[in-house]
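Keep in mind that the numbers below use all heavy atoms, side chains included, and drop hydrogens, waters and symmetry copies. These numbers come from a predicted model, not from an experiment.
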Amino acid sequence: MDIYKALVDIVGEEFVSRNEEELYIYSRDSGLTEREKPDFVVMPGSAEEVQKIVLLANKYKIPLIPVGASLTLSGLAVPIRKGIVVDLRRMDRIIEVNRLGRYAVIEPGVTQGKLKAFLERNYPDLCHSMPDAPPSATVVGNILIHGQGNLSQLYGFNSTMVTGLEIVLPTGKICRIGSCSLSPYWFAVEPLPYLAGIFLGWFGTTGIITKLGLRLYPRKRLRDIEVFVLDDPEKVADVVYRITHTEMAEDVITMEQPYPMMFRDVVLVQIYFNGDSEEEIEFKRKMLWNSVMNYIRSRDGGFMFLTPDVQEDFLEKPASSVTRFADVMKGGGFVYCGAIIPVEKFAEALRKLKEIAKRHEITYGHVGRIVGRGHCMMFSFSFPFNRADRASMERAKEALHESYLATLELGGIPWKPELFAQKMILERMDKNAAELMKQIRGLLDPNGIMNPGNWEVEP
Amino acid sequence: MFELKFDRAVCEDCTTVDCLVRCQYMDFDVEEAKREIMKLINGEDSVVLHECATCYACEEYCKRGNHPFYLITDLQEKKGIFPAPRPILRQWINLAIPGKKDFPHFPGAKEPVISLCLFPEYIGSIQGKLFEDVSVILGRHFFCQLVYLHFGKPSIIRERLPKIIENIANHGFKEVVFFHDECYSTFTSYANAYGIHVPFKPVHFFEYLYENLKKRESEIEPLNVKVAYQRNCSTRLTPWKEHYLDKIFELIGAERVERKYDRENALCCGGIIRSLQRYDLFVDVQKRNVEDMARANAEYCVFNCPACYSSLAKRVEEKGIKPVMIHELCKLALKRA
Ligand SMILES: Cc1cc2nc3c(=O)[nH]c(=O)nc-3n(C[C@H](O)[C@H](O)[C@H](O)COP(=O)(O)OP(=O)(O)OC[C@H]3O[C@@H](n4cnc5c(N)ncnc54)[C@H](O)[C@@H]3O)c2cc1C
């Protein structure tokens, strides 16, 4: 069977490739995972085309790797068993925005930047939860890895904001989940049995999402930030508790890094808040200040005075400082272990991060995001490296591995884990739960073609 | 180490106690003020050490030059009374540690030379007719360190200052123009008060601007604008050069509006008050100050201090008043010629 020709028949010649240069691009992501070239890359333009590709792959048992922008840095869309990479970025329509119901229905190629710009232009009083990933990252890709954005402190992981799904199942059936399965409205996945969970956090191993309903939230006219500074990491959890108790904050971010010098030896807690008027902003600011007044009085913590340029930097959405960190060693590269941990483990995690960095003689950075009202947090163990310097890459890799282990020791869970870290998780997971995962996959994907290698439970 | 030249007899027989009576942020009558100053002289705890907003104004109010503010800051440190939280102080201490982008020497720099302190963002503004042939030095190796007066940690100033002076002197300059009031006041008032030798002549930016405007008087087209001036804290340490500002305003046709919070009665920009975590006071001070400017029909709010600009520019803009640095205003008067 000439698979190339079959793919051309489905999507047209323009949207299939087996050119070395293009295969190379899809063989890697910007992290440090091993490379592997796919056999083909294909860019479908509709759910029907996706369906035909899935049917073809099923027939010939060819691995299929769905991909958005491939920006996870943990190689979750690298074709480790070769096969066909299905790049979904051509399917980038914003199909519907229901303003009063505050949701949008989008295709999988819609990027964070596109949705943000579209809403700002057409629905200025609505917004979605935006991660600090580059704007070219896809909204669906972010949700499928349980990403977190600027509204996660308020509403939880971005994946909890899904109101409906259209999926091409691994066997080729197109299936709708949520209200959209029986109604013209995409308002919620409830009150039906919670099928969405079979697709969220599975890294494309259970099907290819072709439409997604997403909750939108009120976008206030004004946005501001206060940065609380502490020199004792042990106090961070309590500060977060007090701040989240006010319910005045939008996003709450922690940060610790050795450079610039002004950030050294202190932990910054960035508190974003918003309002439709100055009065609302000032009221919230007041509440936030009051919530940590005990630390101010004891001289253990205080709010930083932000010059307008620093403030502007902090208020940027997405924060490009995160991407700039990637180039701090020059040669452009960084990896991070995003540990989902209880907030009470903050100080211990920071201690471990510094120990690891010291042991591997590497610089580090930490940015964390509170998820829910302190229900947990994403704590990043970040390590920059220089791509032109093999040794620095090796050091970053080793530091990263240790960070995954440290996360598990802390009672946390590595987020968007690389293959070896997925194994670490599965080994430690309740055996019956792991078995259930395996059964679900076996049921949905009997030929094991979907993003193979990921979430694979050993027999 | 360097000791404050302070004469207790001067305070003991002072009958007006202007340093405290005139304070804008603490309320004392003469009797109370006298009591508190006596405590300070005797090295005892006083409410002043806890409530001081660190506006530096008492240095100016004391016409006998006895340095009440320097005394307060030394005592704060001695007694461990820190006006700001520890981590904020830590940030400021770290801020001044030179990094890879800071050069201790500017080869080829020659007079006239302007020290831009830690304000690299202003380098692009030091150009045009007023700044022909000037050299600029800047960075952490030239950072005057005076800011620690706000944080009850003046020993750092004395510890680091000799090296800073050496870095500047190493260039062989006879005169150095200081862009920021804070630097000028460090190398004059503060250094004098503690007997720190400064081997070059500090020149205030106002004086530099005035002299250079004067040279180009024929090119000036008067601006005919009303301006409010925002005095900064450090200007209180060296009031003797303030007359240059009025002369500049006169030259460029800017009318300094009569208002309540100007000259010796000026209010702090609020930035430091906020860093000291006194939010309500910060809001109140800014509000009163800006309303006062608006009432006086000021079209511009003129700054000499970049930190004041950062802290107050947005507020004045909201009132329809244009924030501008003094040298930019001067350039405006020349450009139109
Ligand atoms: C500088 C930087 C900052 C970041 N900051 C954040 C942050 O603040 N918050 C955050 O959450 N993340 C962050 N990330 C991580 C990550 O980049 C984002 O989560 C991003 O949104 C992932 O989207 P993507 O399009 O790159 O997904 P991809 O990497 O393309 O896909 C992710 C996974 O989903 C699968 N997949 C993709 N599309 C489909 C589909 N339609 N159907 C089925 N499976 C699919 C892929 O196979 C892969 O396993 C950051 C990354 C970088 C580089």
A.B. asks: What part of B:Pro83 gets within 4.5 angstrom of chain A, counting heavy atoms only: side chain, backbone, both, or neither?
C.D. replies: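 Just the backbone, heavy atoms under 4.5 Å.
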A.B. asks: Thinking salt bridges, do A:Asp231 and B:Arg90 make one under a 4.0 Å N-O criterion?
C.D. replies: no
A.B. asks: Do B:Ser311 and A:Phe305 come within less than 4.5 Å of each other through their side chains, counting heavy atoms only?
C.D. replies: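 Contact flag for B:Ser311/A:Phe305 side chains = yes.
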A.B. asks: Side chain, backbone, both or neither: which part of A:Arg285 has a heavy atom under 4.5 Å from chain B?
C.D. replies: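 Interface part for A:Arg285: side chain.
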A.B. asks: Please report the interatomic distance CZ(A:Phe263) to CG(B:Leu95), rounded to the nearest 0.5 Å.
C.D. replies: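 These two atoms lie 10.5 Å from each other.
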A.B. asks: What distance do B:Tyr279 atom OH and A:Ile296 atom CD1 have between them, rounded to the nearest 0.5 Å?
C.D. replies: 11.5 Å
A.B. asks: Under 4.5 Å, counting heavy-atom pairs only, tell me which of A:Arg264, A:Met304, A:Met262 racks up the most with chain B.
C.D. replies: A:Met262
A.B. asks: Please report the closest heavy-atom contact between B:Asn94 and A:Met261, naming both atoms and the distance.
C.D. replies: CB-O, 3.1 Å
A.B. asks: Could you tell me which residues in residues 269-276 of chain A have at least one non-hydrogen atom under 4.5 Å from a non-hydrogen atom of chain B, sorted by residue number?
C.D. replies: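 Not one residue of residues 269-276 of chain A has a heavy atom under 4.5 Å from chain B.
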A.B. asks: Could you tell me which of A:Asp265, A:Asp309, A:Thr307 has the largest number of non-hydrogen atom pairs under 4.5 Å with chain B?
C.D. replies: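 If we count pairs closer than 4.5 Å to chain B, A:Asp265 comes out on top.
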A.B. asks: At a heavy-atom separation under 4.5 Å, does A:Gln311 approach chain B through its side chain, its backbone, both, or neither?
C.D. replies: neither
A.B. asks: Heavy-atom count around B:Asp45 CG within 6.0 Å, excluding the residue itself: above 12?
C.D. replies: yes
A.B. asks: At under 4.5 Å between heavy atoms, what parts of residues 344-368 of chain A are in contact with chain B? List them by residue number.
C.D. replies: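 The list, in residue order, is empty: none.
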A.B. asks: Any chance you could measure B:Ser275, atom OG, to A:Phe303, atom CZ, to the nearest 0.5 Å?
C.D. replies: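 With rounding to 0.5 Å, OG (B:Ser275) is 12.5 Å from CZ (A:Phe303).
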A.B. asks: Is it the side chain or the backbone of A:Val229 that comes within 4.5 Å of chain B heavy atoms, both, or neither?
C.D. replies: both
A.B. asks: Distance from B:Gln277 atom CD to A:Met293 atom CE, nearest 0.5 Å?
C.D. replies: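 If I round to the nearest 0.5 Å, the distance is 8.0 Å.
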A.B. asks: Should the heavy atoms of other residues, nucleotides or ligands under 6.0 Å from OH of A:Tyr241 be counted, would the total exceed 12?
C.D. replies: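 For A:Tyr241, atom OH is not crowded (no more than 12 foreign heavy atoms under 6.0 Å).
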A.B. asks: Looking at B:Arg86 and A:Gly301, would you say the former's side chain and the latter's main chain have a donor-acceptor pair under 3.5 Å?
C.D. replies: no
A.B. asks: If you draw a 6.0 Å radius around NE2 in B:His50, do more than 12 non-hydrogen atoms from other residues or ligands fall strictly inside?
C.D. replies: yes
A.B. asks: Looking at A:Glu312, I want to see if its CD is surrounded by more than 12 non-hydrogen atoms of other residues, nucleotides or ligands under 6.0 Å.
C.D. replies: no
A.B. asks: Is chain A contacted by the side chain of B:Ala84, its backbone, both, or neither, given a heavy-atom distance below 4.5 Å?
C.D. replies: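 B:Ala84 touches chain A through backbone heavy atoms alone.
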